[in-house]
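A short write-up of the structure that comes next.
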Amino acid sequence: MDKEKIWLSSPHMGGNEQTYINKAFAENWIAPLGPNVTQFEKSIKSYLDNDPQSKIEVAALSSGTAALHLALILLGVKSGDEVICQSMTFAASANPIIYQGAVPIFIDSEPETLNICPEQLERAIKGRISKGKKPKAIIAVHLYGMPYNVEAVHNVARQYDIPVIEDSAEALGSTYKNRKCGTFGDFSILSFNGNKIITTSGGGALVTKSAEVKKKAIFLGSQARDDAPHYQHSEVGYNYRLSNICAGIGLGQMEVLDKRVQARRDMFHFYVNLFDKIDGVTVFHAPDDQYFSNHWLSVIELNEKKLGVNKEELREYLLKENIESRPLWKPMHMQPVFKDYPFYGTQVAEKKFNSGLCLPSGSNLTDSDRSRIEQAIMNCLKK
Ligand SMILES: *Cc1c(COP(=O)(O)O)cnc(C)c1O
């Protein structure tokens, strides 16, 4: 096989990243703090909300997972508490619940967005309250960049007075009713892992609504050192800050974020055009124009009866052509590690998992990559 690998989603540097890294070296800021970190936080903040009155505060961290963990800690989630979590997601959305010794309550998806179903959410809250356990938080995810139904989900959360942690790891650049994803939750998290729309190699951020809370997040994320010349600790801390080197990569990436969003959306339109000709494949798309997805990953659903091909057969065919594709996130309630926790829903997420496939979506794919992808898909589906 001499054809180059076409990846699902690979890092795409803008060009200025090394300038910021070199600056860190020149100043010897080789540490989990420094001017690049401060600048990166500012840059994310103004990207999310450039209103000078904005209360938004951003703490740059070592990962999106670390940001979720700190959000739970700051909400006071403790051992034995219950936390609601969208079932169809990456395991990192749910793992921090377990770090806290808390109990995840999984919720099915709605078909329109693949994200947390507002009706099942309310059913679950009522069910848990009737058992004497009001959930401490709701983790809602904008999967593949598609915003969840922010209005409906937050209405339910408000009605029962439960805080929302908005997992926006895949949705930097997406909007709902013209407001940026990453600004809706009581806490929001971002990820800059290598496969995300922009990357710091590894990194994340916690978005809060107050300077006070940001300060507390940084305190906890920098080993919870009390204000004393010696090392004094009144609380358990974590080592969760972002490195000044990685933040340099992030600064370069912020310069090209809008271009990256455009390129991912162009990939989505490429697939919309491609599958227009094929009966039996639908490209997952926004339910209406209130939703603006960065289309971090383009997702298709295969109708096996019409096509005579299922998602695994297509995936394996593409793999032989050295093209990476991937099934949707396997829902958490179907995962061996989480199968014994409560689940509220039917089979929406499960069915989507069984019929869906994520296709190469990177912002760095070329015309020649696209024609290889098109050829391979056509050859597989027309057999
Ligand atoms: C990537 C991702 C995370 C975790 O982010 P890391 O930076 O990799 O720790 C959390 N939730 C979702 C939905 C993700 O895709």
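Fair warning: this is a prediction, and the values are worked out from it, not measured in the lab. Remember, it's 1-based here, ligands and their atoms both numbered in the order they're listed. Only heavy atoms go into these numbers, but all of them, side chains included; no hydrogens, no water, no symmetry mates.
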Original post:
Quick one: are Ser174 and His142 in side-chain contact, heavy atoms under 4.5 Å?
Top reply: no
**OP:** Would you kindly say whether Gln120 and Asp108 are connected by a side-chain donor-acceptor distance under 3.5 Å?
**Re:** no
**OP:** Would you check whether Thr65 has a nitrogen or oxygen atom less than 3.5 angstrom from a nitrogen or oxygen atom of ligand 1?
**Re:** yes
Original post:
Going by the atom numbers of ligand 1, which of them fall below 4.0 Å from some non-hydrogen atom of Ser93?
Top reply: 11 (N), 13 (C)
Original post:
Would Tyr238 and Tyr99 count as a close aromatic pair, with their ring centres under 6.0 Å?
Top reply: no
**OP:** Would you please indicate if the ring centroids of Phe284 and Tyr144 are separated by under 6.0 Å?
**Re:** no
Original post:
Please state which protein non-hydrogen atom is closest to atom 8 (O) of ligand 1 and give its distance, to 0.1 Å?
Top reply: Asn193 ND2, 3.3 Å
Original post:
Looking only at protein heavy atoms, which one is nearest to atom 5 (O) of ligand 1, and how far off is it?
Top reply: Ser191 OG, 3.2 Å
Original post:
Can you list the ligand 1 atoms lying under 4.0 Å from a non-hydrogen atom of Thr89?
Top reply: 13 (C)
**OP:** Could you tell me whether Asp167 and ligand 1 have an N or O pair separated by under 3.5 Å?
**Re:** yes
Original post:
For Gln262 and Asp266, does a side-chain donor sit closer than 3.5 Å to a side-chain acceptor?
Top reply: yes
Original post:
What part of Ser63 sits under 4.0 Å from ligand 1 if we count only heavy atoms: the side chain, the backbone, both or neither?
Top reply: both
Original post:
Numbering the atoms of ligand 1 from 1, which are under 4.0 Å from a heavy atom of Val141?
Top reply: 13 (C)
Subject >> Interatomic distance, Glu324 atom CD to Cys358 atom SG [nearest 0.5 angstrom] >> reply: 10.0 Å
Original post:
In terms of residue, atom name and distance, what is the protein heavy atom nearest to atom 1 (C) of ligand 1?
Top reply: Lys196 NZ, 1.5 Å
Original post:
How close does the nearest protein non-hydrogen atom get to atom 13 (C) of ligand 1, and which residue and atom is it?
Top reply: Glu170 OE2, 3.3 Å
**OP:** Please work out which of the three classes, parallel, tilted or perpendicular, describes the rings of Tyr271 and Phe275, given edges at 30° and 60°.
**Re:** parallel
Subject >> Any N/O pair Phe192/ligand 1 closer than 3.5 Å >> reply: no
**OP:** State, with a plain yes or no, whether a side-chain heavy atom of Trp296 is found less than 4.5 Å away from one of Leu143.
**Re:** no
Original post:
Does Gly203 have a heavy atom less than 4.0 Å from any atom of ligand 1?
Top reply: yes
**OP:** For the pair Lys216 and Glu235, find out whether any cationic side-chain nitrogen is under 4.0 Å from an anionic carboxylate oxygen.
**Re:** yes
Original post:
Relative to the heavy atoms of Ala92, which atoms of ligand 1 are at a distance of less than 4.0 Å?
Top reply: 3 (C), 4 (C), 10 (C)
